[in-house]
Amino acid sequence: MQFLIYILIYPFLWLVSIMPFPILYFLSDLLYILIYNIFGYRKKVVRENLALALPHLSDKERMIIEKKSYHHFCDMFLEMIKTMTISESEIDKRYAFTNFEVYTALEKKEKSIALMCAHYASYEWAVSLNRHITFIGYGIYKKINNPYFDKLVHRIRSRFKAVLITTRDTAATIEKNAANHNLGLYGFASDQSPQLHASYHWKDFLGVNVPVHTGAEMLSKKFDMNVIFMRTKKVKRGFYEASFEVLSEDASSVPDYEITDRFLELVEQQIYEAPEFYLWTHNRWKHSGKNPNLQTN
């Protein structure tokens with residue numbers, strides 16, 4: 001059944017991937033009507049998230065952000081499919097790096113690098129970074145249940161020299177590379193909600209106390225990796241700019257969770273500047289109010 005679903009859907013994905021961008025975005029506008037107006041995909045979650053994270057805005061202001069976020073969501077979904085066939089020159093034109101020297105300076109330190117980023121703007125096209133680096137680039141992702149689509153994702157991202165590793169394999173991969181003195185860049189999208197039983201640190205994120213992922217920081221401390229933040233900005237439809245900020249060159253000397261907290265502060269800055277480009281469909285605040293350290297009898 002999984003293979004049947006794959007062979008039925010793949011031709012459509014390939015057709016979308018070869019569409020010129022003007023047609024792609026026309027299709028995105030139609031998809032927006034379908035997802036937002038007709039099916040209302042996760043509309044309740046998005047609305048609750050916006051009310052919780054942006055209470056200082058009026059209902060009208062949040063509604064504007066809501067609609068813009070769905071437009072961007074549809075754009076990004078089709079841009080992800082476009083990655084199947086997009087040329088290197090085209091993606092370089094549409095996803096540019098403004099201060100790449102900050103990253104290259106870290107490579108010269110001859111230590112592996114943990115790159116922290118958010119589900120903001122175009123996190124899918126960030127894979128193009130691998131074309132410009134010397135280290136082996138590892139993208140950390142959650143394995144797709146359908147093995148055929150999982151292989152497709154691997155094939156797409158390998159076009160840009162990315163090596164995908166699952167969240168379960170991350171620590172073992174880093175440990176093996178460290179033992180063999182292989183330098184790598186490990187991409188962590190660390191802004192989403194961890195499982196409650198695996199939550200070691202809580203922080204106010206957009207004004208709400210929630211559990212946060214600490215894996216990037218803890219692995220950086222354990223394996224002596226430099227830590228860098230990649231900020232992505234949507235310049236206009238279909239065009240993005242990424243910039244870098246060093247979070248630590250000596251992670252083991254930084255107090256626990258300070259790197260994680262700084263990362264989340266930078267993500268907050270992005271969101272407050274242009275909230276419509278954040279992934280509001282994810283139930284990021286589902287564990288709010290469950291911090292055992294704040295609960296009273």
Side chains of [X] and [Y] in contact at under 4.5 Å (non-hydrogen atoms):
| X | Y | result |
| --- | --- | --- |
| Glu107 | Ile113 | yes |
| Asn180 | Lys176 | yes |
| Lys290 | Trp202 | yes |
| Glu90 | Lys93 | yes |
| Leu54 | Glu61 | no |
| Phe135 | Asn182 | no |
| Ile259 | Ser220 | no |
| Ile86 | Tyr95 | no |

Does [X] have more than 12 heavy atoms from other residues, nucleotides or ligands lying within 6.0 Å of its [atom1]?
| X | atom1 | result |
| --- | --- | --- |
| Lys161 | NZ | no |
| Glu101 | CD | yes |
| Phe77 | CZ | no |
| Lys233 | NZ | no |
| Phe26 | CZ | no |
| Tyr272 | OH | yes |

Work out which heavy atom in [X] is nearest to a heavy atom in [Y]; give both atom names and the distance.
| X | Y | answer |
| --- | --- | --- |
| Ala114 | Phe188 | CB-CE1, 4.0 Å |
| Ala162 | Val127 | CB-CG2, 3.6 Å |
| Tyr120 | Ala274 | OH-O, 2.8 Å |
| Cys117 | Phe229 | CA-CE1, 4.4 Å |
| Met116 | Leu247 | SD-CD1, 4.0 Å |
| Asp191 | Phe205 | O-CE2, 4.5 Å |

**Report entry** Ion pair Asp224/Lys111, N-O distance below 4.0 Å
**Finding:**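 Answer for the salt bridge query: yes.
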Report task. Run the salt-bridge test on Glu268 and Lys203 with the 4.0 Å N-O cut-off and return the result as yes or no. Result -> no
Rounded to the nearest 0.5 Å, what's the gap from [atom1] on [X] to [atom2] on [Y]? Could you check?
| X | Y | atom1 | atom2 | value |
| --- | --- | --- | --- | --- |
| Asn283 | Gln192 | CG | CD | 10.0 Å |
| Asp29 | Leu24 | CG | CG | 10.0 Å |
| Asn99 | Glu241 | CG | CD | 10.5 Å |
| Asp261 | Leu266 | CG | CG | 11.0 Å |

Query - Residues Lys221, Val254; criterion side-chain contact (heavy atoms from CB on, under 4.5 Å); working and verdict - result: CA-CA 9 Å; Lys221 288 174 177 287; Val254 181; 4.3 Å; yes
Query - Steps toward side-chain contact (heavy atoms from CB on, under 4.5 Å) verdict (Ile23, Leu27) - result: CA-CA 6 Å; Ile23 298 177; Leu27 180 61; 5.6 Å; no
Checking side-chain polar atoms at under 3.5 Å, does [X] have a donor or acceptor matched by the opposite partner on [Y]?
| X | Y | value |
| --- | --- | --- |
| Asn177 | Tyr186 | yes |
| His154 | Tyr141 | yes |
| Ser28 | Asp75 | yes |
| Trp14 | Thr85 | no |
| His201 | Asp256 | no |
| Tyr6 | Gln2 | no |
| Thr260 | Glu217 | yes |
| Glu79 | Tyr240 | yes |
| Asp250 | Ser248 | no |

**Report entry** Lys67 to Tyr36 six-membered ring, cation-pi geometry met (6.0 Å, 45°)
**Finding:** no
Query raised in the report: Do Arg42 and Phe73 meet the cation-pi criteria used here (NZ or CZ under 6.0 Å from the six-membered ring centre, within 45° of the axis)?
Result: no
Requested in this report: Start with the C-alpha distance between Met225 and Ile174, add both sets of side-chain angles, then the distance that settles side-chain contact (heavy atoms from CB on, under 4.5 Å), and finish with yes or no.
Outcome: CA-CA 10 Å; Met225 296 192 292; Ile174 296 174; 4.1 Å; yes
**Report entry** ILVMFWY network linking Ile140 to Phe263, side-chain heavy atoms under 4.5 angstrom
**Finding:** no
Requested in this report: Measure the acute angle between the ring planes of Trp280 and Tyr278, then classify it against the limits of 30° and 60° as parallel, tilted or perpendicular.
Outcome: perpendicular
Query raised in the report: How about Phe97 and His132: are their ring centres within less than 6.0 Å of each other?
Result: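 Yes: the rings meet the under 6.0 Å criterion.
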